[in-house]
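Single-structure report; data block below.
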Amino acid sequence: MYKKYFSPTGLAIVLFLTCLVFFSCKKKASETAVSVSSQRITEWATYEADTLYSKNVYHYSGNLLSDLIFYNSRMVKLYKVVLSYNGSQIASYTRFDTTGGNWIKRSYTEVTLYNGSTPSEFIIHSYDQTGTETGKTKRSMVFSGALITAKIYYTYSSGSWTETSRYENTYDNASRLILMKYLSTLYGFEDHYRYTYQGNNMTTEQDSSYANPDWYVWKYNCQYANSKLSSVQEYDWNNNTWTLSYNESYTYNAEGNEIKYQGISADSTNRFREEITYEGGAGNFRQFAFIYSGYMNLPGMPWPYPLKSTVADPGIHPSAMSFHQPRKPAGNK
């Protein structure tokens, strides 16, 4: 089974499962310099086989994202996200769903803390069809310098916050993420994600999840060309043997931005791809992705993501809005 990618439905799942983070472009954790590009993302289309599955369209005000509109395969609007700012920093974003041609507010996310230029705490308010708040959750980052050592999820009830799950991260002496643990207080799961490197390139991700009491194990092997991720092979552990499940590849334009991701299952029964469109100019997609993904938002993993922003970048390379995210075992919600 291939990993979830950023689609209108998939994004909502990613946002509220957390889980994130973010998809994914995963870079050296200690890297703070931003690669400069003269392009910014305008559209992100996903395809199942050769049929359009979804499309996301991005609009800007100056160099800042103003809103995003999400379409289904028939190019019908499903929902939109509208952003507000404090200077160049995102202060909040609001999600609206379409109901009978009207936009209905369904969630409001406020960024309540920053660690320097990096968002470090978000509170998400949820609403029903009438606009009545039905609950709220919180995501909070713990930092050691520029590195995220933990990400904690909370729910709000009876006037207090209760932790439901967390990620804990271990880095090597080169500030590369080598182990990420997901701990679920609510469901009692413990998932492990281990990473190995050749230089600054992550070459293998091996994931395992402990669930009552079976271990689910899979891994991803990565290849590079011209210092960019070119292909990935996904394997499942079956009967004490690694079994190939998916082959995936990445294509870039002359600016170095990703323009295509495609995958095919080992038995050729499933094909999917994503195509990304750019225009000239700067944008803050990276900052938005860091806040919005909600799944991991952690440095250290190699999956590319499609924008080298030159404005309001948080300085950390999150695995946000990514094609790849750690797979969750059955029952791990």
Side-chain angles (χ1 to χ4, degrees), residues 4-8 10-12 14-15 20-27 31-46 54-71 79-95 109 111 114 117-119 122 228-229 250-253 255-261 274-299 301-325:
K4 288 183 169 51
Y5 49 80
F6 179 44
S7 65
L11 178 60
V14 168
L15 178 62
L20 160 318
V21 192
F22 242 176
F23 164 123
S24 324
C25 53
K26 306 174 180 176
K27 297 282 187 180
E31 185 179 31
T32 57
V34 178
S35 299
V36 175
S37 169
S38 59
Q39 298 178 330
R40 63 188 184 189
I41 188 171
T42 57
E43 294 185 357
W44 191 334
T46 66
S54 65
K55 181 176 282 190
N56 315 314
V57 179
Y58 304 80
H59 301 114
Y60 297 84
S61 177
N63 293 328
L64 301 176
L65 275 168
S66 58
D67 64 82
L68 300 79
I69 299 179
F70 303 84
Y71 297 84
Y79 58 93
K80 69 177 179 179
V81 173
V82 179
L83 293 85
S84 69
Y85 291 88
N86 181 9
S88 62
Q89 292 184 336
I90 295 174
S92 67
Y93 64 84
T94 306
R95 170 176 164 157
T109 299
V111 185
Y114 274 81
S117 61
T118 304
F122 327 125
K228 291 185 177 295
L229 182 67
Y250 301 83
T251 304
Y252 306 86
N253 63 15
E255 290 268 350
N257 290 323
E258 182 180 355
I259 56 174
K260 183 183 290 186
Y261 158 74
E274 305 199 1
E275 295 180 352
I276 301 156
T277 305
Y278 301 89
E279 67 181 9
N284 63 323
F285 176 86
R286 181 175 292 178
Q287 184 190 48
F288 171 74
F290 185 87
I291 299 170
Y292 194 49
S293 72
Y295 193 82
M296 296 188 317
N297 305 334
L298 295 171
M301 290 156 277
W303 321 117
Y305 80 118
L307 186 64
K308 308 294 190 299
S309 173
T310 58
V311 175
D313 190 282
I316 291 178
H317 298 270
S319 57
M321 312 299 266
S322 65
F323 305 119
H324 282 268
Q325 307 222 27

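We use all heavy atoms of the structure for the numbers below, so side chains are in, but hydrogens, waters and symmetry mates are not.
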**OP:** State which residue, out of L68, T109, I291, fulfils the side-chain contact (heavy atoms from CB on, under 4.5 Å) condition with L83.
**Re:** L68

When rounded to the nearest 0.5 angstrom, what distance separates [atom1] in [X] from [atom2] in [Y]?
{"X": "N284", "Y": "R40", "atom1": "CG", "atom2": "CZ", "value": "9.5 Å"}
{"X": "I276", "Y": "I41", "atom1": "CD1", "atom2": "CD1", "value": "5.5 Å"}
{"X": "T46", "Y": "N56", "atom1": "OG1", "atom2": "CG", "value": "7.0 Å"}
{"X": "W44", "Y": "E275", "atom1": "CH2", "atom2": "CD", "value": "13.0 Å"}
{"X": "L65", "Y": "I90", "atom1": "CG", "atom2": "CD1", "value": "7.0 Å"}
{"X": "L64", "Y": "Q287", "atom1": "CG", "atom2": "CD", "value": "8.0 Å"}

Original post:
What orientation do Y93 and F288 show, parallel under 30°, tilted 30 to 60°, or perpendicular over 60°?
Top reply: perpendicular

**OP:** Classify the angle between the aromatic ring planes of F285 and Y58 as parallel (below 30°), tilted (30 to 60°) or perpendicular (above 60°).
**Re:** perpendicular

Original post:
Would you say S38's side chain and G281's backbone share a donor-acceptor pair under 3.5 angstrom?
Top reply: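 No; judged by distance alone, with no hydrogens or angles, the pair does not exist.
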
**OP:** Measure from the side-chain N and O atoms of Y71 to the backbone N and O of Y79, and report whether any donor-acceptor pair falls under 3.5 Å.
**Re:**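 Side chain of Y71 to backbone of Y79: no pair is present.
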
Original post:
What are the two closest heavy atoms between Y114 and V111, and how far apart are they?
Top reply: CE1-CG1, 3.4 Å

**OP:** Mind listing the closest non-hydrogen atom pair of G62 and Y60 along with its distance?
**Re:** O-CB, 3.8 Å

Original post:
Are T251 and E258 close enough that a side-chain donor and a side-chain acceptor fall under 3.5 Å?
Top reply: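 E258 and T251 do not have a side-chain donor-acceptor pair below 3.5 Å.
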
Subject >> Ionic contact status for K260 with E274, cut-off 4.0 Å >> reply: no

Original post:
After noting the C-alpha distance and the side-chain angles of K80 and D67, does the key distance pass the side chain to side chain contact (heavy atoms under 4.5 Å, CB included) rule?
Top reply: CA-CA 7 Å; K80 69 177 179 179; D67 64 82; 5.7 Å; no

Subject >> Sub-4.5 Å side-chain heavy-atom contact between Q39 and E279 >> reply: no

